[in-house]
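All residue numbers in this chain count up from 1 along the given sequence.
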Amino acid sequence: MVKLKRSNLFALIAFLVVLGVGTYFSYVMREAEQQKQQFFLEEIVNSQAAAFERRLTRSLSATYILAQEVRRSGGDFKDFDKFAAEVIETLGGISNLQLVPKGVIEQIYPLPGNEKAIGHNILRDDVRSKEAWLALEARKLTLAGPFELIQGGIAVIGRTPVFLEKNGEEYFWGFTSCLIFLDDLLTATELDQLEAKGYDYELSRVHPDTKAVEVFAGTAHGELRHPVVKPIRVPNSEWTIRMSHPASFPIIFVLGTLISAIVATLFALLVQRIMREPERLRALVKNQTLQLEQLAFKDELTGLSNRRHFMEQLDQAIYNLSRSEKHLALICLDLDDFKRVNDSMGHEVGDNLLIEVAQRIRASVRQSDLVGRMGGDEFAVILRDINTSADVANIAVKLIESISQPIRLGRHDVVVGATMGITLAPEDGLDSAVLFRNADLAMYASKRNGKNQFSFFDTQMQTQAKQVMLLEEELRRALHKGEFSLALQPIISLADGQLEKFEALIRWQHPGRGELSPGSFIEVAESTGLIVPIGYWVVEAACEFIRQQVESGQQVKPVAINLSARQLRDELFARHVEEMLERLSIAPQFIEFELTETLLMENVELGKKLIQHLRRLGIRISIDDFGTGYSSLSQLKQFPVNTLKIDRGFVQDLQQNDSDRKIIEAITAMVHKLDIKVVAEGIETQAQFDFLKQAGCDYGQGFLFARPLTAERALSFAAVDRPFVVASSSSRGHHP
């Protein structure tokens with residue numbers, strides 16, 4: 001009996017020992033799992049905070065851009081709507097931009113829905129005037145909010161104070177502001193996807209008045225359990241992101257582990273198992289930790305380096321430069337029109353697009369280069385050990401070509417472009433923050449130049465930017481001081497030699513450089529948006545010349561005016577022209593607008609819409625430089641035009657080039673079938689005149705007839721009621 005009891009006691013002791021080992025084993029495994037989840041969670045929170053900060057910083061930079069424009073213009077901000085629209089399109093994530101001179105909201109873009117804010121004094125009447133005064137006193141950007149809008153939604157507003165100089169003294173001009181919806185900021189993160197996977201989060205701030213913690217966004221799942229906390233850097237405030245994930249350690253796994261330990265222990269040497277188990281478990285935990293450290297460097301969606309790892313590697317690469325004569329390049333790129341794809345086709349398609357783009361970027365660079373996803377549709381590349389900028393340019397071209405190839409997503413082919421900014425080290429700096437800023441500036445320059453391209457950051461670009469800035473300021477002054485003048489070149493009927501109309505050409509009477517032709521300033525005017533007010537000036541000057549013809553009692557000759565790409569995109573252009581004609585009492589049939597063939601082919605729908613509107617007003621339309629835009633004659637049926645201009649390049653060489661002669665004859669014959677008149681420009685010799693007349697061209701323009709004339713001389717030219725006569729091939733034409 002005693003012996004049996006001892007066996008039972010031994011069995012009980014063995015059971016308790018095995019139970020203790022199994023429990024210890026389960027505890028160690030649970031700790032390993034919790035460490036794994038906590039490590040992942042910390043990386044996730046870091047990446048979400050960084051993405052939030054980057055989007056907020058990028059959106060708030062719009063206030064600096066507006067402030068710079070205010071300073072450039074001396075406080076006289078022209079064409080605010082166009083400029084603001086371009087900034088919003090380029091930076092993204094912005095609801096509206098505001099100009100607030102002397103603290104009073106004067107302009108908002110876009111205006112619809114925000115009309116009641118016009119005239120509001122943010123220093124006196126606004127519930128957030130405290131932040132506005134703080135910005136004024138601190139002379140730097142401040143952030144107000146988040147706050148709930150009357151029209152719905154939660155937003156923040158950033159305000160940058162602007163100071164100007166007058167008579168050597170500085171004075172406060174006002175604020176430049178931008179309103180940003182919280183939802184737009186959150187789209188730069190992956191919080192919605194993480195919430196769907198069971199993560200909980202809260203975004204909070206310390207209220208500036210009560211110092212209480214205010215939660216302004218997050219999931220409604222009660223108090224967070226064991227959260228990871230990360231501060232978010234924002235101007236003049238303390239924001240925090242907290243995130244947690246419910247710990248999961250299935251009970252069946254615990255029981256299974258325990259039973260396995262009991263069974264294994266009963267068939268093995270108990271002592272040996274006990275001695276070896278802790279060491280094995282420690283090795284297992286160490287191995288899992290090493291694996292987690294590797295995983296922590298990867299972007300969850302694309303498998304590329306995440307922002308944290310990328311920045312660490314960039315710092316290391318910069319450090320290595322100091323010990324070698326090598327160079328590196330940093331390329332920052334984002335996708336053109338990604339938001340359109342994401343919004344129209346859904347986030348799942350957008351994610352698949354990002355995965356494919358990531359693979360294409362990785363395949364386009366060398367194995368030694370590092371590719372990272374910075375967040376959203378923003379990527380970056382470190383090109384190590386480069387020799388020349390030409391090598392970098394070749395890789396950039398390869399990237400653009402690869403990304404712009406159609407991407408098959410489901411049943412659709414999607415095409416996106418990539419806009420890139422490139423900076424070099426050590427040439428442009430040896431600090432990662434400086435290099436990223438340089439690359440962002442270069443990328444912004446690429447976007448302003450038309451997207452789907454790349455730009456290098458360098459001192460020459462800064463010099464050119466200063467030159468453009470100076471020319472832009474001079475153009476604004478020229479508009480203000482009336483330094484522009486109108487030149488008018490006659491267009492002659494080839495059939496009877498009669499004056500048919502004039503083409504309006506702008507000239508700039510520069511106070512220091514003399515008379516300048518459009519080629520020296522139109523490109524800057526186009527890129528800065530000044531082409532819009534300059535274009536309106538040309539229309540008004542042409543109307544004034546028409547009015548002078550009417551008052552002189554002579555037969556009025558129409559005036560043809562060139563339109564630019566900016567004017568083509570201006571939805572209000574036709575309406576403004578209509579108002580101008582009514583104000584000046586000018587009949588619309590005396591105005592003709594010329595649009596280049598290339599411009600129309602790049603903007604077919606916009607061109608059709610504008611032409612139809614202008615034609616309804618009674619204005620005539622001409623296609624300029626035909627033959628250079630690679631369009632077919634059949635496409636002319638889309639545009640109800642009156643006149644077509646054959647590009648001067650075909651006229652100049654027609655005596656030596658049989659192909660040019662055949663092209664002119666074919667164009668003329670086919671266009672006449674569409675009841676469209678033909679103008680040949682660049683006529684300089686009698687032989688050209690004779691051929692074009694025989695080919696059936698209706699009108700001609702060129703130095704053979706007359707050079708561009710001042711308005712006064714053009715009136716005299718039009719007053720002569722006799723046909724133009726060509727005296728000889730060596731002489732210039734005139735009215736006898």
Novice: For residues 471-484, please give each side-chain donor-acceptor pair under 3.5 Å, one per line with the distance, not counting sequence neighbours.
Specialist:
unit_1 : atom_1 : unit_2 : atom_2 : d
Glu472 : OE2    : Arg476 : NH2    : 3.0
Glu474 : OE1    : His510 : NE2    : 3.3
Arg476 : NH2    : Glu69  : OE2    : 2.4
Arg477 : NE     : Glu483 : OE2    : 3.2
Arg477 : NH2    : Glu483 : OE1    : 3.4
Glu483 : OE1    : Trp508 : NE1    : 2.9

Novice: Could you tell me which non-hydrogen atom of Cys543 sits nearest to which non-hydrogen atom of Leu581, and how far apart they are?
Specialist: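 Where Cys543 meets Leu581 most closely, the heavy atoms are SG-CD2, 3.7 Å.
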Novice: Let me know which of Thr643, Ile621, Val559, Ile619 forms a side chain to side chain contact (heavy atoms under 4.5 Å, CB included) with Glu592.
Specialist: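 The side chain to side chain contact (heavy atoms under 4.5 Å, CB included) with Glu592 is passed solely by Thr643 among Thr643, Ile621, Val559, Ile619.
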Novice: Looking at Lys557 and Leu499, would you say the former's side chain and the latter's main chain have a donor-acceptor pair under 3.5 Å?
Specialist: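 Answer holds: yes.
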Novice: By the side-chain hydrogen bond (donor to acceptor under 3.5 Å, both in side chains) test, which pairs, at least two apart or in different chains, include something from residues 416-427?
Specialist: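 As it turns out, the side-chain hydrogen bond (donor to acceptor under 3.5 Å, both in side chains) pairs with a partner in residues 416-427, which skip direct neighbours, are His327-Glu427, Asp336-Thr419, Thr423-Asp428.
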Novice: Please walk me through it: do Glu503 and Asn562 pass side chain to side chain donor-acceptor pair (under 3.5 Å)?
Specialist: CA-CA 8 Å; Glu503 179 178 6; Asn562 290 287; 2.9 Å; yes
Novice: Step by step, would you call Gln554 with Ser552 a side chain to side chain donor-acceptor pair (under 3.5 Å)?
Specialist: CA-CA 6 Å; Gln554 65 190 52; Ser552 68; 3.3 Å; yes
Novice: I'd like to know if the side chain of Trp133 and the backbone of Leu123 have a donor-acceptor N/O pair within less than 3.5 Å.
Specialist: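 Judged by distance alone, yes, a pair lies under 3.5 Å.
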Novice: State, with a plain yes or no, whether a side-chain heavy atom of Ser485 is found less than 4.5 Å away from one of Thr710.
Specialist: no
Novice: Identify which one of Thr63, Thr176, Thr142 satisfies the side-chain hydrogen bond (donor to acceptor under 3.5 Å, both in side chains) criterion when paired with Thr160.
Specialist: Thr63
Novice: A side-chain contact here means heavy atoms from C-beta on lying under 4.5 Å apart; do Phe717 and Leu488 qualify?
Specialist: no
Novice: Are the side chains of Phe573 and Val532 in contact, using a 4.5 Å heavy-atom criterion?
Specialist: no
Novice: Please step through side chain to side chain donor-acceptor pair (under 3.5 Å) for the pair Ser455 and Ser446, ending with a clear verdict.
Specialist: CA-CA 6 Å; Ser455 297; Ser446 296; 2.7 Å; yes
Novice: For Phe338, check ring-ring contact (aromatic ring centres under 6.0 Å, His included) against everything at least two apart and list the hits.
Specialist: none
Novice: Is the shortest heavy-atom distance from the side chain of Asn452 to the side chain of Ile400 under 4.5 Å?
Specialist: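 They are in side-chain contact.
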Novice: Does the pair Asp440 and Arg54 meet the rule for a side-chain contact (heavy atoms from CB on, under 4.5 Å), with working shown?
Specialist: CA-CA 12 Å; Asp440 279 343; Arg54 181 165 174 80; 3.4 Å; yes
Novice: Which pair of heavy atoms, one from Phe502 and one from Ala714, lies closest together, and at what distance?
Specialist: CZ-O, 3.5 Å
Novice: Is there side-chain contact between Leu486 and Val538, with at least one heavy-atom pair below 4.5 Å?
Specialist: yes
Novice: Closest approach of Ala560 and Glu594, non-hydrogen atoms and distance?
Specialist: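 Smallest interatomic distance, heavy atoms only, reads CB-OE2, 3.4 Å.
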Novice: Mind listing the closest non-hydrogen atom pair of Met420 and Ala396 along with its distance?
Specialist: CE-O, 3.2 Å
Novice: Decide yes or no for Ile586 and Met580: does some side-chain heavy atom of the first lie under 4.5 Å from some side-chain heavy atom of the second?
Specialist: no
Novice: For Arg575, is the CZ atom crowded, meaning more than 12 foreign heavy atoms sit under 6.0 Å from it?
Specialist: no
Novice: Are Leu530 and Phe521 close enough, and set up right, to give a side-chain contact (heavy atoms from CB on, under 4.5 Å), and what steps lead you there?
Specialist: CA-CA 10 Å; Leu530 285 173; Phe521 61 85; over 6 Å; no
Novice: May I have all residue pairs that pass salt bridge (charged side-chain N to carboxylate O under 4.0 Å, His left out) and include part of residues 531-542, sequence neighbours excluded?
Specialist: Glu540-Arg583
Novice: Please report the closest heavy-atom contact between Ile88 and Asn96, naming both atoms and the distance.
Specialist: CD1-CA, 4.5 Å
Novice: Please lay out, stage by stage, how Leu56 and Leu143 fare under the test side-chain contact (heavy atoms from CB on, under 4.5 Å).
Specialist: CA-CA 10 Å; Leu56 181 61; Leu143 191 69; 4.2 Å; yes
Novice: Does CD in Glu170 sit with more than 12 non-hydrogen atoms of other residues, nucleotides or ligands closer than 6.0 Å?
Specialist: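 It does: Glu170 CD has more than 12 such atoms within range.
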Novice: Can you sort out the partners of Thr90 under side-chain contact (heavy atoms from CB on, under 4.5 Å), two or more places apart, ordered by chain and number?
Specialist: Glu86, Tyr444, Lys447
Novice: Inspect the surroundings of CD in Glu551 and state if more than 12 heavy atoms from other residues, nucleotides or ligands are less than 6.0 Å away.
Specialist: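 Buried by this count: over 12 neighbours within 6.0 Å.
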Novice: Using a 4.5 Å cut-off on heavy atoms from C-beta on, say whether the side chain of Arg58 contacts that of Glu378.
Specialist: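 Sidechains of Arg58 and Glu378: in contact.
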Novice: Step by step, would you call Leu399 with Phe454 a side-chain contact (heavy atoms from CB on, under 4.5 Å)?
Specialist: CA-CA 10 Å; Leu399 283 168; Phe454 65 89; over 6 Å; no
Novice: Quick one: ring-ring contact (aromatic ring centres under 6.0 Å, His included) partners of Phe80, sequence neighbours excluded?
Specialist: Phe77
Novice: State, with a plain yes or no, whether a side-chain heavy atom of Met443 is found less than 4.5 Å away from one of Phe457.
Specialist: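 Of all side-chain heavy-atom pairs linking Phe457 with Met443, none is under 4.5 Å.
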Novice: Roughly how far, to the nearest 0.5 Å, is the CD1 atom of Ile331 from the CD1 atom of Ile395?
Specialist: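 It comes to 6.5 Å.
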Novice: If I compare all heavy atoms of Arg507 with all of Pro518, which pair ends up nearest, and what's the gap?
Specialist: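 In terms of heavy atoms, the two residues are closest at NH1-CD, 3.5 Å.
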Novice: Can you tell me how far apart CD1 (Ile646) and CG (Asp624) are? Round to the nearest 0.5 Å.
Specialist: 11.5 Å
Novice: If the test is side chain to side chain contact (heavy atoms under 4.5 Å, CB included), which one of Leu97, Leu60, Ile65 qualifies with Leu91?
Specialist: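 Among the candidates, only Ile65 passes.
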Novice: Does the Asn121 side chain pair with the main chain of Val104, one donor and one acceptor, at a distance under 3.5 Å?
Specialist: no
Novice: As an exercise, state the distance from CZ of Arg55 to CD1 of Ile180, rounded to the nearest 0.5 Å.
Specialist: 9.5 Å
Novice: Output the distance between atom CZ (Arg547) and atom CZ (Phe590), rounded to the nearest 0.5 Å.
Specialist: 14.5 Å
Novice: Kindly compute the distance separating CH2 (Trp537) from CD (Glu544), expressed to the nearest 0.5 Å.
Specialist: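 Answer rounded to 0.5 Å: 10.5 Å.
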Novice: Working to the nearest 0.5 Å, report the span between CD of Gln98 and OH of Tyr109.
Specialist: 14.5 Å
